[in-house]
Amino acid sequence: MPPHGHTLGVLYGDGIGPEIVPAAVLISDAALAATGAPPITWKELPLGFRAIEEYGEATPKATLAALADTDGWLLGPHDSAAYPEPFRSELNPSGTIRKHFDLYANVRPAKAFEGGNAVVPGTDLVIMRENTEGFYADRNTHRGTGEFMPTPDVAIAMGIITRGACERIAREAFELASRRRKKVTIVHKANVLKLTTGLFRDVCREVALEYPDITVDDFHIDAMTVHLVRRGHEFDVLVTENMFGDILSDLAGELAGSLGIAPSLNASQDRAMAQAAHGSAPDIAGRDLANPTAMILSTAMLLEWLGARHEDEALTRAAHLIEESVAATLARGTSTRDMGGSAGCREFAETVAASIGQP
């Protein structure tokens with residue numbers, strides 16, 4: 001670990017981003033202080049509406065260059081659907097950053113908390129989403145997008161699946177399952193998309209042979225939605241392609257209690273980005289109504305990733321302290337309105353920070 005601690009980028013984004021990202025920073029600082037770890041140097045960088053106004057780009061090249069010099073970063077939500085043209089039609093900021101740094105693994109946990117108003121109590125699963133190809137056309141090509149219109153009345157999108165991308169996301173899924181409950185579920189649509197998601201399923205099965213102690217099953221994407229609703233608590237690690245993973249993780253987040261508690265980590269072998277799974281919620285922005293839990297837990301995932309990569313036990317302990325304090329705060333009845341409580345974003349964050357390291 002660097003002698004003076006890590007440098008992490010901070011991108012507030014749009015909507016509720018300037019509320020939930022500072023909450024995550026506050027709690028991270030408290031957890032690091034409690035473990036005796038050197039403080040993090042937070043490097044604020046422009047992105048989204050602010051960047052459009054100041055730099056004429058939603059994701060400035062200077063921001064990407066600065067991120068390359070950090071150990072990881074926090075990405076707030078963006079409201080790219082509301083950007084003026086031509087920015088609205090361009091690859092959105094999160095997609096741009098993921099593609100630029102080849103953040104191929106999107107790790108999305110869904111965990112029900114005591115007092116968290118879960119639809120499916122006992123849910124504790126992780127969706128391992130392939131992050132670079134599949135049926136999200138804007139990430140499929142070297143230049144331009146994978147969508148095109150040969151005539152004004154015909155639109156075509158390419159769904160790209162490669163063996164290499166399947167192998168690396170499958171291996172991430174099986175490695176994670178080996179540290180959890182040793183079960184992987186492959187999600188695909190090989191009965192219809194026989195070549196693309198069929199390749200995804202088959203490569204995952206091939207990788208499974210390297211992990212004989214892991215139980216493996218697979219389901220079609222449509223059936224998987226039903227299984228999650230009926231028995232989400234039975235699943236451990238799900239591995240799937242890009243679009244399927246995006247849809248399933250929103251569903252799983254709500255089943256666990258709220259999309260507001262759904263964290264995610266975007267990672268490669270040497271880069272990682274904490275990003276809440278939800279959007280920018282412009283309807284409640286600036287009103288102290290946002291649930292910062294997803295951003296807080298995403299940041300804990302980033303600290304844990306850094307701890308493992310740098311063999312830094314203090315960072316790992318800090319990550320666990322954050323998770324424990326969030327769980328304890330919810331169990332004691334403090335939650336935001338989306339989870340049936342009355343706390344504002346600031347009050348919830350301050351309560352979690354104050355409980356760091358407390359019994």
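Residue numbers run from 1 in the order of the sequence given.
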Under 3.5 Å donor-acceptor, T63 side chain and P46 backbone: yes
Contact check, side chains of F135 and L193, non-hydrogen atoms, under 4.5 Å: yes
Heavy-atom check, side chain of T351 versus side chain of E347, under 4.5 Å: yes
Heavy-atom neighbours of R346 CZ exceed 12 at 6.0 Å: no
L125/T185 under side-chain contact (heavy atoms from CB on, under 4.5 Å): CA gap, chis, key distance, verdict: CA-CA 11 Å; L125 59 86; T185 299; over 6 Å; no
G56 to F87 - nearest heavy-atom pair and separation: O-CE2, 3.1 Å
CD1-OG distance between I356 and S28, expressed to the nearest 0.5 angstrom: 8.5 Å
Minimum-distance pair of heavy atoms, taken over all atoms of A318 and L303: CB-CD1, 4.4 Å
pair D29-P39: side-chain heavy atoms closer than 4.5 Å: no
In one Ile/Leu/Val/Met/Phe/Trp/Tyr side-chain cluster, 4.5 Å: I97, V10: no
Step-by-step side-chain contact (heavy atoms from CB on, under 4.5 Å) determination, L330 to V326: CA-CA 6 Å; L330 291 171; V326 167; 4.1 Å; yes
Over 12 non-hydrogen atoms of neighbours within 6.0 angstrom of CD1 in I156: yes
Donor-acceptor side-chain pairing of Y83 and N92 below 3.5 angstrom: no
Heavy-atom side-chain proximity of T299 to L8 below 4.5 angstrom: no
Intermediate values then yes/no, side-chain contact (heavy atoms from CB on, under 4.5 Å), L315 and H310: CA-CA 9 Å; L315 280 176; H310 294 278; 5.5 Å; no
Nearest non-hydrogen partners of P263 and I261, listed with the distance: CD-O, 3.0 Å
Considering all heavy atoms, the nearest L74-A24 contact: CD2-CB, 4.1 Å
Test: R271 and D102 ion pair at under 4.0 Å: no
Axial cation check for Y104 ring with R168, 6.0 Å and 45° limits: yes
Spacing of CG belonging to N106 relative to OG belonging to S249, to within rounding of 0.5 Å: 7.0 Å
Neighbour count >12 (heavy atoms, 6.0 Å) for atom CD, E206: yes
ring-ring contact (aromatic ring centres under 6.0 Å, His included) partners of residues 176-210, not counting sequence neighbours, each pair once: H188-H220
Electrostatic pair R180-D236, nearest N-O below 4.0 angstrom: yes
W305 with V126, same ILVMFWY side-chain cluster at under 4.5 Å: yes
Student check: side-chain heavy atoms of F244 and K189 closer than 4.5 Å: yes
NZ/NE/NH1/NH2 to OD/OE distance under 4.0 Å, R171 and E210: yes
Atom pair CD (E172) and CG (N131), whose distance is rounded to the nearest 0.5 Å: 11.5 Å
Carboxylate-amine/guanidinium proximity below 4.0 Å for E85 and R88: yes
Check: E130 side chain, T132 main-chain N or O, donor-acceptor pair, under 3.5 Å: yes
E167 atom CD, over 12 foreign heavy atoms within 6.0 Å: yes
Side chains of F101 and L64 in contact at under 4.5 Å (non-hydrogen atoms): yes
Closest approach of F174 to C204 (non-hydrogen atoms, all atoms of both residues): CE1-O, 3.8 Å
Residue pair E175 / Y211, side-chain heavy-atom distance below 4.5 Å: yes
Shortest non-hydrogen contact between S80 and P93, atoms and distance: CB-CD, 4.3 Å
Single-linkage hydrophobic cluster, 4.5 Å side-chain cutoff, I20 and F49 together: no
Stepwise side-chain contact (heavy atoms from CB on, under 4.5 Å) test for H278 and M295: CA-CA 9 Å; H278 58 68; M295 193 69 238; 5.6 Å; no
Parallel, tilted or perpendicular: ring planes of F235 versus F219, cut at 30 and 60 degrees: perpendicular
Single-linkage hydrophobic cluster I296~W73, side-chain heavy atoms < 4.5 angstrom: no
Interatomic spacing from CG in L47 to OH in Y12 - rounded to 0.5 Å: 13.0 Å
T336 side chain to D338 side chain, donor-acceptor N/O pair below 3.5 angstrom: yes
Pairwise distance CG(N266) to CZ(R129) - rounded to 0.5 angstrom: 7.5 Å
T240 side chain near I221 side chain, heavy-atom distance below 4.5 Å: no
Spacing of K99 atom NZ and L91 atom CG [to the nearest 0.5 Å]: 6.5 Å
Passing option when R317 is tested against I322, D312, T35 for side-chain contact (heavy atoms from CB on, under 4.5 Å): T35
Donor-acceptor pair, side chain of T197 and main chain of A190, under 3.5 angstrom: yes
Any donor-acceptor pair under 3.5 Å from D288 side chain to C345 backbone: yes
Electrostatic pair D71-R309, nearest N-O below 4.0 angstrom: no
Worked check of side-chain hydrogen bond (donor to acceptor under 3.5 Å, both in side chains) between D153 and T151: CA-CA 5 Å; D153 301 315; T151 77; 5.0 Å; no
L265: which of R108, Q275, M273, M301 passes side-chain contact (heavy atoms from CB on, under 4.5 Å): M301
Within one Ile-Leu-Val-Met-Phe-Trp-Tyr cluster: F113 and L259, side-chain cutoff 4.5 Å: no
Residue R181 excluded, over 12 heavy atoms near CZ under 6.0 Å: yes
N/O donor-acceptor pair under 3.5 Å between E133 side chain and N242 backbone: no
